[in-house]
Amino acid sequence: MELGDEILSVEHIYKVFGTRPGEAMEMLEAGKNKDDVFQETGQVVGVFDASFSVKKGEIFVIMGLSGSGKSTMVRLFNRLIEPTSGKIFLNGNEITGLTDKELLSVRRRDMSMVFQSFALMPHLTVLDNAAFGLAVSDVGEQERNRRAREALEQVGLKGHEYSFPHQLSGGMQQRVGLARALTNDPSILLMDEAFSALDPLIRTEMQDELIRLQAEQQRTIIFISHDLDEAIRIGHRIAIMEGGRVVQVGTPQEILNNPASEYVEAFFKGVDSSKVLRAGDVARFDAEVVVGEPQPGVAPPAPYAFVTDDDHRFVGLIDSTVNGEGASPRTLAPDQLRTITFDTPLHEVLDIAASVPYPLPVLTQEGVLHGTLSKDAILKSLSHH
Amino acid sequence: MSELTILDPFQVLHVPLGDWVEASLQYLVDNFRGVFRAVRWPIDQVLNGIEGLLQSVPPTIGILLGSLLGWQVAGRRMGIFCAFTLILLGLVGVWSESMTTLSLVLTAVFFCGLFGVPLGILCARHDRLEKAVRPVLDAMQTLPAFVYLVPVVMLFGIGNVPGVLVTIVFALPPLVRLTNLGIRQVPADKIEAARAFGCTPGQMLRRVQLPLATPTIMAGFNQTLMLSLSMVVIASMISVGGLGQMVLRGIGRLDMGLATVGGLGLVLLAIFLDRLTQAMGERSAVAGDHRRWFQKGPLGLFLGLFGIGKIKPQAEQQS
């Protein structure tokens, strides 16, 4: 499946909590902000004019501190909370205009949710919990147990089918929560701070698990998080929320390189940029590139020159730093060199860069020379942020 | 003498509440007696059914069945305990009276459940209804039984059926209250999860709210049962039979022996019922025990003899 088709899009969504949302909406239209509205009317603005879209098959992280409206936002998607105004589209169909019955079918088939507090049913076994969504849709017992078993196996809970939730650890309980959501085979998985209640080690483990599941199934996942490291680790794209507004949407690299506001910049200050940036983001064409076979006798213009064939494939490196009288430059083939692909995280490149004298050639998956990465360039890119 | 004074205005100002009640009661008796008589019918049917059943079972069989029930519901020790209390009832010579009392109590609890649980559910869903119902429940619990014994006799006559009626009035409130409480106490995140997976309100009730509220609702049944037992003695004043009648006669004749035997019978019956319903309320979720209720206890043993019931979970695990 290719990225790119929109599966969910949100247009000018507002949510005002309180008994007089109309009044608050008028104030918002007049340009007042959240705090003014609360001061004057006592109405709480949860989400303020949010517009963005989520692409099919991506992990979209909605990030913000507590009170930024991110948990409200995710509940607007399946209308656990009714938006005050605005439209939400799922595959081009407007969710905000659905009847109760149609909404039930969206909740049963298209969107499943995983909760921060797990929210498992204590009176049901793990198997019955996993099958809960199907049981609600009146799927027969055999069919739903089969699918629940499959989902439990995917999350690594085979053999625990007949335990009760209270007999499991927190991490395992959240696996049940994940299995319950997967059993329905939804097109969108909504995860509301799903891993926030877990301890750091288990959290990392669950994040890896989620990345693996997503890679296998190409499912669209909307993940709510207050943890920037988590967002960067799992998110293909991130939406940053502040005070009910969506202030920036983009890939972690885009946001890091071009923060939309001071708030976002301050937010990203503590982030280890070597974990966000990839080799391809900082690679430059600052070294000399020779296309075709190097001519003997012609001294390369720089200590190191990169050789590519006519298709820009990397074929070798000319090293002119050989010591000794009359020594001629030698050519090194790719298998004698350390090369890196452009999507290698920068923090993994540091070691490699330190161990070789030449700038690292950065290649695409197909072996095309994407750029080079010198020690200088790496240091500059890290100090820049 | 009958001049209005500020210091004691109530010499003149007077609400003749008693007269009003008497007048309206008289009006009801004159005009609606048929309606009230009709109310007797369903209670009569249930009571006669239960009493006929309980009285027709010989004590030995009754003790056997009672202890098997205890074993089924709460394990072997409970079974032995039930046998012990029931045998004691027989030994002090009040078996027949106990069965009459038991049928009265069970009939009252049956009707309490029939009305109390749905009312409790409605109260949990509608705050306004809860606000309206609460003072009525308070009145039902605190109004001295003697106050409504008289109008009940005037409207329904005397005997076991009006006895059940006054018992229902007295014993209903805790069930309504605890059903309401149990459903309101279901954690919000479970409710939200159920909604997120597409539960209709009916499914929410059946699959989430009632199962999670069961222990609290069972506590309500337990309280209703206990109140019914205590009401049975008072109801014996309107000629309700059973153990209460024994106690009343004992007091009336200053026959301490008779009163004590009746009282002991009531206590034994109360202990028996209390333990049994408490055990029902507790969920037995022992680690690794996947058996359903019918796969345990004597029923499980019985079904096991014929090879039914035990096979299913094992077969499921292999697949």
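All values reported here derive from a predicted model rather than from experimental measurement. We name chains A, B, ... by the order of the sequence lines, and we start the count at 1 in each one.
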A.B. asks: Can you name the one residue among B/Arg184, B/Arg125, B/Arg177 that meets salt bridge (Lys or Arg N to Asp or Glu O under 4.0 Å) with B/Glu130?
C.D. replies: B/Arg184
A.B. asks: Taking all non-hydrogen atoms of both residues into account, name the closest pair between A/Ala131 and A/Asn145 and its distance.
C.D. replies: CB-OD1, 4.4 Å
A.B. asks: Using a heavy-atom cutoff of under 4.5 Å, enumerate the residues of residues 168-190 of chain A that contact chain B, numbered in order, or state 'none'.
C.D. replies: A/Arg180, A/Ala181, A/Asn184
A.B. asks: Could you pull out the closest heavy-atom pair between A/Val246 and A/Ala239, with the gap in Å?
C.D. replies: CG1-CB, 4.2 Å
A.B. asks: For B/Ala188, which atoms come within 4.5 Å of any heavy atom of chain A: side chain, backbone, both, or neither?
C.D. replies: neither
A.B. asks: Who among A/Asn78, A/Leu120, A/Leu134, A/Asp100 has the most heavy-atom pairs with chain B under 4.5 Å?
C.D. replies: A/Leu120
A.B. asks: Identify the two heavy atoms, one from A/Arg219 and one from A/Gln214, that lie closest to each other, and give their separation to 0.1 Å.
C.D. replies: O-NE2, 3.0 Å
A.B. asks: Closest heavy-atom contact between B/Cys82 and B/Gly70?
C.D. replies: SG-CA, 3.9 Å
A.B. asks: Top residue by heavy-atom pair count (under 4.5 Å) with chain B, among A/Ser137, A/Ala135, A/Ser112, A/Gly133?
C.D. replies: A/Ala135
A.B. asks: So does A/Glu143 pair up with A/Arg147, basic N to acidic O under 4.0 Å?
C.D. replies: yes
A.B. asks: Looking at every heavy atom in both A/Val61 and A/Ser225, which two are closest together, and how far apart are they?
C.D. replies: CG1-CB, 4.2 Å
A.B. asks: What are the residues of residues 102-111 of chain A, in order of number, with any heavy atom under 4.5 angstrom from a heavy atom of chain B?
C.D. replies: A/Leu104, A/Arg107, A/Arg108, A/Met111
A.B. asks: Quick test of your reading of the model: are A/Glu82 and A/Arg79 salt-bridged, counting only N-O distances below 4.0 Å?
C.D. replies: yes
A.B. asks: Apply the test side-chain hydrogen bond (donor to acceptor under 3.5 Å, both in side chains) to residues A/Glu216 and A/Gln154: give CA-CA distance (whole Å), side-chain angles for both, the deciding distance (0.1 Å), then the verdict.
C.D. replies: CA-CA 10 Å; A/Glu216 282 171 10; A/Gln154 277 173 16; over 6 Å; no
A.B. asks: If you define the side chain from C-beta out and look only at heavy atoms, does anything of A/Phe52 sit under 4.5 Å from A/Met73?
C.D. replies: yes
A.B. asks: Using modelled atom types and a 3.5 Å cut-off, is there a donor and acceptor pairing between side-chain atoms of B/Arg275 and backbone atoms of B/Met78?
C.D. replies: no
